[in-house]
Amino acid sequence: MTFNQINRQTWKRNKYFENYMASQTSFSMTVDIDITDLYEFLKEHHYKLYPALIFMTTKVVNNHIEFRTTFNSDNKLGYWSKMEPSYTIFDSASKEFYVRWLDECDSFKEFHKCYLEKQKIPYEKNSFSEEDMPENCFAISMIPWQSFTGFNLNINNNTNYLLPITTFGKYYMREDTRWLPVSIQVHHAVCDGYHASLFIEELQQLANNPQHLK
């Protein structure tokens, strides 16, 4: 992974960045995507839905610099050459959640295998995240118990958090079509409504063409 520092003096977005950092403006967009074809494909090939969503989201995030722009540990503004997903896992026994992360894989088959192996790691009480998680991770979570029409997180204790946060809800049936609510939250300093719309559109395209997961 490589961190590419941004030259604020020549960066065409700098005026927007300064304005929205000063006002600490973030926004979220929640849209239902059609996962009918995706769900049937995963069922046929004995794959789980959540790792597929993580894999697809990572692909979209890595398609755009805007979703990879952040401050590094030295408080330098820039963008990572590649992002890795960190995601929440629910522990049914304790009713608590913990965090895992995975390297991005070109093959979903390999990614799915690594996901299942990570699931075997024992849950440690009061362990919120993995100690060896790299800097270039972005957050994904799922609330599989409830569909929603809107979802928003408030991160008021870290004014430098610029990376996207994706939250999936419970899928539901509308006639013969299966729908999944997807919420993406971004910081307006680095992303606009255009970029959030691209995220949803590209995620839908991947769901419409699940053969890429072979």
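Remember, it's a predicted structure, so these values are computed and weren't measured experimentally. Numbers here simply count residues along the sequence, with the first being 1.
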(request) Sort out for me which residue in Phe27, Tyr194, Tyr16 forms a ring pair (Phe, Tyr, Trp, His ring centres under 6.0 Å) with His188. (result) Phe27
(request) Please name the residue in the list Phe168, Tyr171, Phe90 that meets the ring pair (Phe, Tyr, Trp, His ring centres under 6.0 Å) test with Trp145. (result) Phe90
Between [X] and [Y], what is the shortest heavy-atom contact and its length?
| X | Y | result |
| --- | --- | --- |
| Thr36 | Arg178 | OG1-N, 2.8 Å |
| Phe67 | Val60 | CD1-O, 4.1 Å |
| Tyr161 | Leu163 | CE2-O, 3.3 Å |
| Lys82 | Asn136 | O-ND2, 2.9 Å |
| Pro181 | Ser147 | CG-CA, 4.1 Å |
| Asn160 | Met21 | OD1-CE, 3.7 Å |

Does the [X] side chain pair with the main chain of [Y], one donor and one acceptor, at a distance under 3.5 Å?
| X | Y | answer |
| --- | --- | --- |
| Gln185 | Leu153 | yes |
| His112 | Phe108 | no |
| Asn7 | Gln9 | yes |
| Asn4 | Tyr79 | yes |
| Thr88 | Phe97 | no |
| Glu135 | Ser73 | yes |
| Arg8 | Phe17 | no |
| Ser86 | Arg100 | no |
| Asn72 | Asp74 | yes |
| His187 | Ala189 | yes |

(request) Identify whether the distance between the nearest side-chain nitrogen and carboxylate oxygen of Lys59 and Glu202 falls below 4.0 Å. (result) no
(request) Please confirm whether Tyr87 and Tyr115 have ring centers closer than 6.0 angstrom. (result) yes
(request) For Glu40, check salt bridge (Lys or Arg N to Asp or Glu O under 4.0 Å) against everything at least two apart and list the hits. (result) none
(message) Once salt bridge (Lys or Arg N to Asp or Glu O under 4.0 Å) is applied, do any residues pair with Asp37, and if so which ones, sequence neighbours excluded?
(response) none
